[in-house]
Amino acid sequence: MTPTHFAFSSTFLLGLAGLAFHRTHLLSALLCLEGMMLSLFIALSMWTLQLNSANFSASPMLLLAFSACEASAGLALLVATARTHGTDRLQNLNLLQC
């Protein structure tokens with residue numbers, strides 16, 4: 001395993017561990033998701049550069065576009081829950097209530 005591959009894998013796993021074990025606020029969960037998507041984007045970009053192929057050059061940009069859509073939807077949910085519930089703590093949110 002190369003040091004670059006180890007760095008991207010550990011970055012992704014740290015984001016996943018933060019998402020799994022530190023679920024107190026919605027903002028921290030969204031930041032962990034963004035860290036995971038950013039590590040995937042950098043790893044996919046490096047993989048495309050290592051292949052020296054133009055066939056896969058659009059896939060990092062497609063992933064970045066989906067990541068931006070995910071971030072905007074997450075921010076909208078964060079604002080909506082902060083307005084309705086007054087906080088972004090995940091323990092206070094009940095999915096069965098409207």
I need the [X] [atom1] to [Y] [atom2] distance, nearest 0.5 Å.
X: Phe21; Y: Cys32; atom1: CZ; atom2: SG; answer: 11.5 Å
X: Leu33; Y: Leu16; atom1: CG; atom2: CG; answer: 9.5 Å
X: Met37; Y: Ile42; atom1: CE; atom2: CD1; answer: 12.0 Å

Quick one: do [X] and [Y] end up in the same hydrophobic cluster if we chain Ile, Leu, Val, Met, Phe, Trp and Tyr together by side-chain heavy atoms under 4.5 Å apart?
X: Leu19; Y: Leu14; answer: no
X: Leu40; Y: Leu51; answer: yes
X: Leu77; Y: Leu31; answer: no

| query | Side chains of Leu78 and Leu27: closer than 4.5 Å at any heavy-atom pair? | reply | yes

| Mind checking what makes side chain to side chain contact (heavy atoms under 4.5 Å, CB included) contact with Thr87, not counting sequence neighbours? |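 Once residues adjacent in sequence are excluded, the partners of Thr87 under the side chain to side chain contact (heavy atoms under 4.5 Å, CB included) criterion are Arg89, Asn92.
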
| field | Residue list, side chain to side chain contact (heavy atoms under 4.5 Å, CB included) with Thr2, at least two apart or on another chain | value | Thr4, His5

| said: Please give the remaining members of the hydrophobic cluster of Val79, linking ILVMFWY side chains under 4.5 Å, ordered by chain and number. | reply: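 Members besides Val79: none; it forms no cluster.
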
| said: Under the side-chain hydrogen bond (donor to acceptor under 3.5 Å, both in side chains) definition, can you give me all pairs with a residue in residues 25-41, not counting sequence neighbours? | reply: His25-Asp88

Under 3.5 Å, side-chain donor or acceptor atoms of residues 57-69 against the rest of the protein: list the pairs with distances, not counting sequence neighbours.
from	atom 1	to	atom 2	distance (Å)
Ser57	OG	Ala54	O	3.1
Ser59	OG	Phe56	O	2.7

